[in-house]
Amino acid sequence: MITVKDLCLWYGNTQALHHINMDIPEKAITALIGPSGCGKSTFLKTLNRMNDLIPGIRITGEVCYNEKNIFSPDVDVNMLRKEIGMVFQKPNPFPMSIYDNIAYGPRTHGITSRVKLDDIVERSLRDAAIWDEVKDRLRKNALGLSGGQQQRLCIARALAVSPDVLLMDEPTSALDPISTSKIEELAISLKEKYTIIIVTHNMQQAVRISDKVAFFLLGEMIEYNDAETIFSMPSDKRTEDYITGRFG
Amino acid sequence: MEKKNGKRKIYMVIMRGLMGILFIMSYVLVKGIPNITWDLLSTTPSYIDGSIGILPDILNTIYIIIAALAIVIPLGAGAAVYLTEYAGNKKIVSVIEYAAETLSGIPSIIYGLVGMLFFCQFLNMQTSLLAGALTLVIMNLPTVMRTTQESLKTVPQSYREGAFGLGAGKWRMIRTVVLPGCIDGIITGCILSVGRILGESAALLFTAGVAHALNGFFEGLNSSGATLTVALYFYAKERGEFGVAFAIAAILMVLTLLVNLLAMLVGESFKRRRNT
C-alpha cells in the first residue's frame, strides 16, 4: 500500500534518514521502534508530508502511496493528508466544542449538510470508542475532557475525514496506563478498516498491538519484519540489544 | 534601619505621584462637570447666538474612530498574520518589527505634518476627517500589528499541526484556528487605538481641521471637523472659553477611563475563557 524507496532526509546539513526501503502492508499495524532521535518520528511525518512545514528540509527518494509518488509536483498535499491522517504525541483538540472538533475535517473538505455532519460526528466518535462518554456534551468545549479522552477525540477527528491510513506519533506517551490500554484496544479494532503506522517508545506496546515492526537506529532502518520474528529471533545484533533493553 | 528609611522614601515618592494624579483628575472633574449641560452636548455652536455646543465635535470623534478602526484593524491584523504565518525571510520580519517599534515612539505632530503634506496636499483630500483618519491609521498601525502578533505567537503550534493533519490549507487553518485564538490581541489593539485617537490633538490639528459643522458620516469624512480634543484646544486657546474646555476635558477623561476599564475587562474575560 505504501512503498518507500531509498528515502533520505536532511535537516539543513544533518542527515536524519539514510536510504530507507520499506513496504507497509494494508490493514495492519506497523510499529516503528528505536531509541530517541533515531528518526522514526521524522520518517512517520514524511509519509503525509507534515515535514514540509519545517524550514531547511530536503528529501530524496520516493514514497509511493497507491502507486503514486507523494513528492511528485501534481500531488495535492491537502488531499494526501486527508487520506493519510495523523494523531499526534500530545492530544491537540482545537479550542472549540467536541462536535466542531470532529466536524472540522469534513467541513474543510466541503461537507456542510447538517444531517451528514451529525452522522459523521456520531460514527467517528463511535469508531473511536468515545461516543458514550461525550454524547451528552457534544456542544461543550473539547478542552474540558481528560487527556485520554482528548486523545481518543483526536483519533475520532482524524477518522472523520475517512482516511485510509492513520499515522500515530507516540499517541500514548502523554497518557496514564488505563487511557493507554484503551487507545491500544482502539488501534487493534481500527486495523480492520484502516492501515495504521504507529511510532512507539514502549516495547510492550509494540508487542501487544503490532503485526509488523521496523527498528530504527541513527536514521537507518536496521531491521523490518513480522512482529513475532523481531521479538523472538531478531536477525541483527543491534535489534536484539535494543529489544532486550541493553540500550535505548 | 537604613533599609527601612529607603523603603519609606520610595513610599513617599509614590504617594506624592499618586496625589498628583488624583489632584489633576479631581481638579478637572470639579471644574468640568458643572459646565456640562444638555445644551452643550446637544447643539452646534452659533456665532449669532454666541452659544457653544459640542455635538459636532462628539460626532466627529465617533466618525474618525470608526473610520480609522475600519482601516487599521484589517491592515494591522493582516500585516501581523502575514509576518508570523507567511513571511519566510526572518531578517526582513525583524526589520519590520523594529521599524514598527520605532514608529510607535515618534511624536504625533510629525505624523500630523506628514499626513498634511501627503494626504491633504499630495492626494488632494484637503483638511478632512478622512485625511485625519488615515493619519491616525498610520499612527496606530504599529500598535494593532504588535498586539496581534504577540497573541498570534501564543496560539500553540499543535493547533496548526492538527489543522494541517486534517488536510486543511494554510488559509483555512489561519481563518478557523489561528485567528479565533488571537482575537483578544486584536481587540486589545483596537481598544488601545481608541484611547490614542481620543487623546490625539496635534496630528489632527494639521489634517482634520477645526470646523464645527454638523455632518452625517460620509459628508463628515469629506469635510474639515474638530474632534473633542481639538475642540478643547480651540475653545481654550482661541476663544478663552475655559468652562467649555474643562467640560470637554472631563468628558474625555471619563471616556478614557471607560476605555481602559473595557480593555482590562476584555483581557480578563479572555484569560478566563482560555483557562477553562
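FYI, side chains are in, hydrogens and waters are out, and symmetry mates aren't considered; it's all heavy atoms of this structure. Naming convention: chains lettered A, B, ... in sequence-line order (proteins, then strands); numbering from 1 in each chain.
- By the neighbour-count criterion of 12 heavy atoms within 6.0 Å, atom CG of A:Asn13 is sparsely surrounded, having that number or fewer from other residues, nucleotides or ligands.
- When A:Lys90, A:His109, A:Gln89 are compared by the number of non-hydrogen pairs under 4.5 Å with chain B, A:His109 comes out ahead.
- Heavy atoms closer than 4.5 Å to chain B are found in both the backbone and the side chain of A:Arg107.
- Each of A:Thr108, A:Asn92, A:Leu53, A:Val87 has some count of heavy-atom pairs under 4.5 Å with chain B, and the biggest count is that of A:Thr108.
- At most 12 heavy atoms of other shown residues, nucleotides or ligands fall within 6.0 angstrom of atom CD1 in A:Ile178.
- Contact annotation: the side chain of B:Leu166 never approaches that of A:Arg81 to less than 4.5 Å [non-hydrogen atoms, C-beta and beyond].
- Side-chain contact between B:Val177 and A:Tyr104 is present, with heavy atoms from C-beta onward closer than 4.5 Å.
- With a 6.0 Å radius and a threshold of 12 heavy atoms from other residues, nucleotides or ligands, B:Lys91 has its NZ atom at or below the threshold.
- Summarising the local packing, NZ of A:Lys140 is surrounded by 12 or fewer heavy atoms from other residues, nucleotides or ligands at distances under 6.0 Å.
- B:Phe218 CZ: 12 or fewer foreign heavy atoms inside a 6.0 Å radius.
- Taking chain B as the reference chain and counting heavy-atom pairs below 4.5 Å, the highest number among A:Gly105, A:Pro93, A:Pro95 is found for A:Pro95.
- The most heavy-atom pairs under 4.5 Å with chain A, out of B:Arg160, B:Glu161, B:Arg172, come from B:Arg172.
- Only the side chain of A:Met96 comes within contact range of chain B, with at least one heavy atom under 4.5 Å from a heavy atom of that chain.
- Around atom NZ of B:Lys153, more than 12 heavy atoms belonging to other residues, nucleotides or ligands sit under 6.0 Å away.
- Across A:Phe94 and B:Tyr159, no two heavy atoms sit closer than the pair CE2-O, 3.2 Å.
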